[in-house]
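Here is the structure we will look at, set down as structure tokens.
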Amino acid sequence: MPSKNSPIGVFDSGVGGLSVLRAIRALMPEEAVLYFGDQGHAPYGSRSMRQIQNFSEGITKFLLERGVKLIVVACNTASAAALTYLRGRFSPFPFVGMEPAVKPAAETTRTGKVGVLATPATFQGALYASVVERFAAGVELFQHTCPGLVGQIEKGELDSAQTRAILQDALVPMLEKDIDTVVLGCTHYPFVIPIIQQIAGEKVRVIDPAPAVAKRTKSLLEETGLKNRSRERAPVRFFTSGDLKGMKSLLPVLLGESGEVEKAVWKTDCEIETPF
Ligand code: DGL
């Protein structure tokens, strides 16, 4: 049975979830974490809902076998495709998921025009439709999938000419329509906030949902009696189904801390080998 000292599980298709992990570390450094980046399958954004569900289920089982007490689905795409499924399949285990932050954007926009950047799977999912229906009445949304941006960030190209070009293509038409807010609906995108802000100007508000997700994680741990009360900084263990060196070299850049990365090998679409 998981206890207060058990780790939190956090997963994403790759390094994007590190933007959420960064916020969790800032808020709760005493919580141990197992982070899983499914880089062998990234990007998730153009895959089928079924496939993303299978991967998410496999990763959830992998994390549960290692004794996690709560799982943060630090990926909008996996949340869109699989969060409801995971909650049903592993009930009553606690999950925290992501949804594009349309609500805070709709509450604060002055022009009534908001840009949303997310993957194709996130835009197609029922979760996004429901967020739009519930919170975006009277607000005009401009959506863009930023093709290739996740791959650029996975390569660590946070400020290359190609990364800038992708963001220009996405943002310039929205800016011409007078958006004053940009919602980051993909956990990879907070790593390019400086470029977004350069293109959009400092007056445009860019919403990174990671701090709110970290707060939600903390309150859920408190509600379930699973909050760690230690004052010591706990470690993070990193797993990738892709390139070990690639993830290891990005940790200091994206997360601001280094760590060892362990290899996870997929046996089938929904099962990871567990040799240890
Ligand atoms: N970081 C992800 C998200 O929040 C997934 C991006 C991808 O793999 O396409 O949507």
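Remember, it's 1-based here, ligands and their atoms both numbered in the order they're listed. Treat the numbers as computed from the prediction; the structure is a model and nothing was measured.
For Glu57, the side chain to side chain donor-acceptor pair (under 3.5 Å) test picks out Tyr85, Arg89, with sequence neighbours left out. The side chain to side chain contact (heavy atoms under 4.5 Å, CB included) check on Pro211 picks up Asp208, with sequence neighbours excluded.
In this structure the side chain of Phe238 never reaches within 4.5 angstrom of the side chain of Val15, judged on heavy atoms.
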Which donor-acceptor pairs under 3.5 Å do side chains of residues 91-98 form with protein atoms, sequence neighbours excluded?
none

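The immediate protein surroundings of ligand 1, defined as residues with any heavy atom under 4.0 Å of it, consist of Asp12, Ser13, Pro43, Tyr44, Gly45, Cys75, Asn76, Thr77, Thr119, Val150, Cys186, Thr187, His188.
Under the 6.0 Å cut-off for aromatic ring centres, Phe239 and Tyr35 do not qualify, their centroids lying 6.0 Å or more apart. Ring centers of Tyr44 and Phe55: under 6.0 Å apart, within the cut-off.
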